[in-house]
Student: 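Pasting a structure below so you can have a look.
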Amino acid sequence: MLTTKQKVLRRFWYAVMPLSDLADGPKPYRLLDEDIVLFLGPDGSPAALRDRCCHRTAKLSRGWCKDGQIVCGYHGWTYDAAGKLVHVPQFPVQQEVPNLSTPAYYCRARYGYAWVALDEPLAPIFDVPEDSDPSFRYVPQFYEVWNTSALRMMENSFDNAHFAFVHQGTFGQADQPLPDKYEITETDYGFEAETLITVVNPPIQHRISGTDAATTTRHMRNKWYMPFCRRLDIEYPSGLRHIIFNCATPIDDSHIQLVQWLYRNDTEEDCPAQLLNDWDYKITREDKDIIESTDYDTPVDVARRTEANMVSDRPGMIMRKRLMKLLEDHGEAEVYRAA
Ligand code: FES
Ligand code: CO
């Protein structure tokens, strides 16, 4: 499935940029192959417009912000947060500004990021109760580009059979290739996947897991939010929670933005954020290296399927089934790369 060719995917919210990146002016972003510009509007909330001036097509992201509006860096034409042209510096005061605008997208701030939907969203951004729960702290983790497709990344995140191989260097048990099975419950937004997994707890990890034991059995209550976000909710035996959110924001068909943040019900003294990020970075690197070696065009349609499957691929197969249903419900056929 080629993400940029499936129109319905424009109707979902994607985490595109840390809000802090917008503090010093407009920034360009490419979402589903569309060039957008992000900036902070007059009330400090983010806005997203097509990155193109309606005068001579310059990229607005090359300009700057003034009073919550964006000024084109070429001749100074100025747009408001809704994309409406509000000022043409070359016009005499009495001359009316033409009724022009550059397309605006749906944009809002949530969980420390600017989120964008290119067309009218089908559902609100998913809720994260821990975000407003004072017993949890918030840790931004990674914001980086991966050379893969969003579906590849998502299905990997529910694939327990790769731990013993890909993660031998961190938490995987090389002699335990048989993966723990998820109990999956489909929901309107995607699915919930629950399991108990027993994995290695290296000494370096004792502050992260809250125990010195050689292995730990973790209660996982994960969620898949269609199309490309995951909640990884780990509960250690001590009751300590490590809740990772991953968004595989599709830049184009073969690149994603990995946006990852974390909630923990402990303190910086218990386990410094740097230690958490160093550990999770190491694991994430293992995933990135192998996923980037796969073909980015994930075949979804059963008739076209060129991949073999095993039991542990079930979460990924449900994702594929649900995405096909989504396309069907919106009158679309799967678009794929020519062989
Ligand atoms: Fe933007 Fe001329 S191209 S003001
Ligand atoms: Co992995």
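First listed ligand is number 1; within each ligand, the first listed atom is number 1. Just so you know, residue 1 is the first one in the sequence shown, and it goes up from there.
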Student: Which of these, P250, C229, C247, sits in a side-chain contact (heavy atoms from CB on, under 4.5 Å) with Y14?
Tutor: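 For Y14, the side-chain contact (heavy atoms from CB on, under 4.5 Å) check succeeds only for P250.
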Student: For a distance under 2.8 Å, give residue and atom name for each protein N, O or S atom next to the Co ion (ligand 2).
Tutor: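 The answer is H162 NE2, H167 NE2, D287 OD1, D287 OD2.
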Student: Return the set of residues passing salt bridge (Lys or Arg N to Asp or Glu O under 4.0 Å) with R241 (not counting sequence neighbours), or none when no residue passes.
Tutor: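 For R241 the salt bridge (Lys or Arg N to Asp or Glu O under 4.0 Å) partners, ignoring immediate neighbours, are E130, D233.
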Student: For ligand 1, what are the residues with a heavy-atom contact below 4.0 Å?
Tutor: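 Residues near ligand 1: C53, H55, R56, A58, C72, Y74, H75, G76, W77.
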Student: Is it true that the NZ or CZ of R108 lies under 6.0 Å from the centre of Y106's six-membered ring and within 45 degrees of the ring axis?
Tutor: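 No, R108 and Y106 do not form such a contact.
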Student: Testing the basics here: between C72 and L60, what is the closest heavy-atom pair and its distance to 0.1 Å?
Tutor: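 What the structure gives for the nearest pair is CB-CD2, 3.7 Å.
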Student: Name all residues meeting the side-chain contact (heavy atoms from CB on, under 4.5 Å) criterion together with P92; count only those two or more places apart in sequence or in a different chain, and write none if there are none.
Tutor: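 Here the qualifying residues are Q94, Q95.
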Student: Honestly curious: do M154 and V16 fall in one hydrophobic cluster under the side-chain, below-4.5 Å linking rule?
Tutor: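 Yes: a chain of side-chain contacts under 4.5 Å links M154 to V16.
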Student: Are R218 and L196 side-chain neighbours, meaning at least one heavy-atom pair lies under 4.5 Å?
Tutor: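 Not in contact.
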Student: Just checking, any donor-acceptor pair under 3.5 angstrom between side chains of T198 and T215?
Tutor: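 No pair is found: no donor N or O on one side chain lies under 3.5 Å from an acceptor on the other.
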Student: Give me the ring orientation class for F126 and W115: parallel if the planes are under 30° apart, tilted from 30 to 60°, perpendicular past 60°.
Tutor: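 Rings of F126 and W115: perpendicular, as their planes differ by over 60°.
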